[in-house]
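A short write-up of the structure that comes next.
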Number of protein chains: 2
Amino acid sequence: MTNNYELYKVFYWAAKTGSLTQAAKALFLTQPSVSHAIKQLEDSFGITLFYRNSKGVALTQEGTILYSYIEKSQILISLAEEKMAALKNLDSGELRIGGSDSLFKHYLLPYLEDFHKRHPGIRLHLNHGTTPEIIAFLKEGRIDLGVVRMPIVDSQLDVRESIQLQDCFVAGARYAELKDVVLSLDMLLQYPVILFSRNSRARMAITELFQSYGHKLKPEIEVGSVDLLIEFARKGLGISYVTREFVSKELDEGALFEIQLDVRIPPSHVGIMTMRNMPLSSTASRFIELVR
Amino acid sequence: MTNNYELYKVFYWAAKTGSLTQAAKALFLTQPSVSHAIKQLEDSFGITLFYRNSKGVALTQEGTILYSYIEKSQILISLAEEKMAALKNLDSGELRIGGSDSLFKHYLLPYLEDFHKRHPGIRLHLNHGTTPEIIAFLKEGRIDLGVVRMPIVDSQLDVRESIQLQDCFVAGARYAELKDVVLSLDMLLQYPVILFSRNSRARMAITELFQSYGHKLKPEIEVGSVDLLIEFARKGLGISYVTREFVSKELDEGALFEIQLDVRIPPSHVGIMTMRNMPLSSTASRFIELVR
DNA sequence: AGGAGCTATAGACCACGTCTATGACTAATA
DNA sequence: TATTAGTCATAGACGTGGTCTATAGCTCCT
C-alpha cells in the first residue's frame, strides 16, 4: 500500500487545524478538495481518521496514531525545505578549497575575508597540499575547488585562469650593488640562491629555464615556505626566487629589490580548478564569481 | 516554497538506490518520469541534488543534506502505513469497553477471551461504572462502547439489543420450604430480602414493580456486588434478587433455587451502546459483531 | 566497432486533482 | 420557531500536470 504523499500533507493540516476549511486555506485549496483528499486517505486505509461535526473535525483514535507519525514526517520536510533555502541563499553550507599555503595567504586571503563577511553562515575548509594532492582531493570529492599555479592539463578538470603572477629574484641590502645592474644567468649563479623546496612547480619551472640556457641552477639554501624565502633574502643570506606579487610590500618599502635579468622569466597564472561535468554548488560558484 | 511531496518520495528512492532507473522500478514508474521529477525538485530549490554519470547518480553535498531529512521523513511515513495496516487487520490497537463488573464477569467474559485469543495484539481496557457513568464515558470519548442493561433512551446513542436476561429471587437451603411454593409479593415480603445497592437499575426496576402492586420493597441487606448477593443467599441470610443467568451454576448444583412468584418479572435486555454518528473503529465493530 | 548500461529530452495523452455549485446538517442567534 | 452562519459531503465539469513512448547522447566495456 503506497499512497500519494500529498494526501499526508492535507491530513496533517486538517488534523493540525481541526478543520477542513482551515486546512484548505492553509494549502490554498478549496474545502471540497480537502474533503476529497481526506476521504481518499480514509478509503485507502479502510479506516476512519476523523469525526466530523458541525464545528469541524476531530481525530479518531486511529487518526491520532497516524498523526503521531505524520506530524514528525511533515516537520522534517519543512526543516528540509528551510535548509535548502538557507543553502541557496548562502546562509548555510560549506566551501572546501584546496591550495598551497602561499596562495591562500597572498592571493586568496582577501577574497576569503570578503566572502566570510558576506556569508558568515558558510563554513570554510582550507586544505593545503601540492598541486597533485589538490587534484586528487578534487577527484575524490573532498574539496569543491582547487587553486594552483597554471598550467594544468587534465581532461577531467575545468580550469579558469585567474590573475597573472610574475616570479623573480629578489635580494636585500646586503646585495645593494646589484640594484641597477642587469644580470645574466651565469652572473646570477655567482651568488647564493635560495629556492623553494624541490617538488614545487615554481622550483621546477625556474630550474628548467636555467637548463634551457645551458645552466644548472643549484640552490645554496632550500626552504619550505614563502615566508622563509622572503625572510632569508631580507637577512642577506642570498637571492630568493619568489613571486613578485607576494613581496610587493617588501619591494615598496625597499627592504627587498628585484634583480634585473637579461632573460625574461615567463609569467604564470593562478588557475581555479573544478571537476569538469560536475555541477558546482551555489556556494562554490558564488565564490569563484567573487574571485574573478 | 512548498513542493509536491510526491517529489520527495522519488528523490528518496533515487538517492537510496543511486539510480534513476532503479528508483523508477521501485516506484512503478518509467525512468524519464523519475528524471523529470528530480529535475523539478532541483529547479524548485535552484540547487543541483545529484551528480549524473554513466553508472547512475550520486548525491551532491546539498543533496546529501536534503537526504538526511527526507530519509527520516519517508521512514516515518512507511511506519505509519504499516501501523495503519496493523490497525486495520486488528494486529494492533485497543478496545475500550465500559460496563458493570457483573456484566463483564457473567456476560462479556467469554467474548473477551475469544476476542483476545483471535487478536492478541489488541489491548483491552475495561472500565466499570454505573450506567450514567458509562454513558458519560462514551460521550467523552473515553470508551468505544458500553455494555449495560436496557432500556436506554438517549438520542446521542446507538443501542444494539443483545441477549435477554431474567431477574428473579433466589434462596438457599435455609428457606427450602419455599421450593415448591408459588409466592405472592406480600408473602415474599415476610422474608428478609437482599438487594443490590440503591442506584442500580435492577434495584430501581424491582422496587417499581412492587410499587405498581401497592407494596413497598425494603431490603434487609444491601450489597455492592453480585457475588455477595449470591453468597449471602447461599448462606441463608435472606432471599436475593439476582439475574437468573448469572446464578445458573448455583441453580444447577442446587445450592440455590428460584422462588416462584405469582407475578411475572419483566425480562430485560443487555444493550451495547455506541455513539450515534460517530464512526466505529474496526476493532470495536469487529467485537460487536462477535458478541451478536 | 558494437553493445549495454545510464540519464536527458521531446511531445502526446489522459487520468486525476481541482474547481464551482449545491445539499445536508448543526448550533447559535433573533 | 425561524434565520443565519458556520460546518462537511456530493456531483459533475474542466484543464493541467504527471506519465508515457520514442529517441538521443553519453560512457564504459567487450
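Chain letters run A, B, ... following the sequence lines, proteins first, then strands; residues in each count from 1. Hydrogens, waters and symmetry mates are skipped; everything else that's a heavy atom, side chains included, is used. The structure presented is a predicted model; accordingly, all values stated were derived computationally and were not measured.
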note: Asn53(A), atom CG; dA5(D), atom P; distance rounded to Å ~ 21 Å

Can you name the side chain to side chain donor-acceptor pair (under 3.5 Å) partners of Lys83(B), sequence neighbours left out? Ser92(B)

Where along residues 14-38 of chain B does a heavy atom come under 4.0 Å from DNA chain C, residue by residue in number order? Ser19(B), Leu20(B), Thr21(B), Gln31(B), Pro32(B), Ser35(B)

Ser35(B): side chain to side chain donor-acceptor pair (under 3.5 Å) partners, not counting sequence neighbours: none

side-chain hydrogen bond (donor to acceptor under 3.5 Å, both in side chains): pairs with one or both residues in residues 46-59 of chain A, sequence neighbours excluded: Glu42(A)-Arg52(A)

Heavy atom of residues 57-71 of chain B under 4.0 Å from DNA chain D: which residues? none

In whole angstroms, how far is the P atom of dA9(D) from the CD atom of Gln40(A)? 13 Å

Pair Phe11(B) and Tyr8(B), ring centroids less than 6.0 Å apart: no

All side chain to side chain contact (heavy atoms under 4.5 Å, CB included) counterparts of Thr131(A), not counting sequence neighbours: Ile135(A), Val148(A), Ile152(A), Arg201(A)

Contact interval (first through last nucleotide) of DNA chain C with protein chain A, 4.0 Å heavy-atom: dG17(C) to dA27(C)

Return the set of residues passing side chain to side chain donor-acceptor pair (under 3.5 Å) with Asp114(A) (not counting sequence neighbours), or none when no residue passes. Arg118(A)

Determine all donor-acceptor pairs shorter than 3.5 Å in which one atom belongs to a side chain in residues 62-69 of chain A; sequence neighbours excluded.
unit_1, atom_1, unit_2, atom_2, d
Thr64(A), OG1, Thr60(A), O, 2.8
Ser68(A), OG, Ile65(A), O, 2.6

The criterion is side chain to side chain contact (heavy atoms under 4.5 Å, CB included); which residues satisfy it with His128(B), sequence neighbours excluded? Asp101(B), Phe104(B)

Scan residues 132-145 of chain B for pairs that pass salt bridge (charged side-chain N to carboxylate O under 4.0 Å, His left out), counting only residues two or more places apart or in two chains. Arg96(B)-Asp144(B), Lys139(B)-Asp154(B), Glu140(B)-Arg142(B)

Could you go through residues 278-291 of chain B and list every donor-acceptor pair under 3.5 Å that involves a side-chain atom there, pairing it with any protein atom two or more places apart or in another chain?
unit_1, atom_1, unit_2, atom_2, d
Ser281(B), OG, Ala284(B), N, 3.0
Ser285(B), OG, Ser281(B), O, 3.1
Ser285(B), OG, Ser282(B), O, 3.2

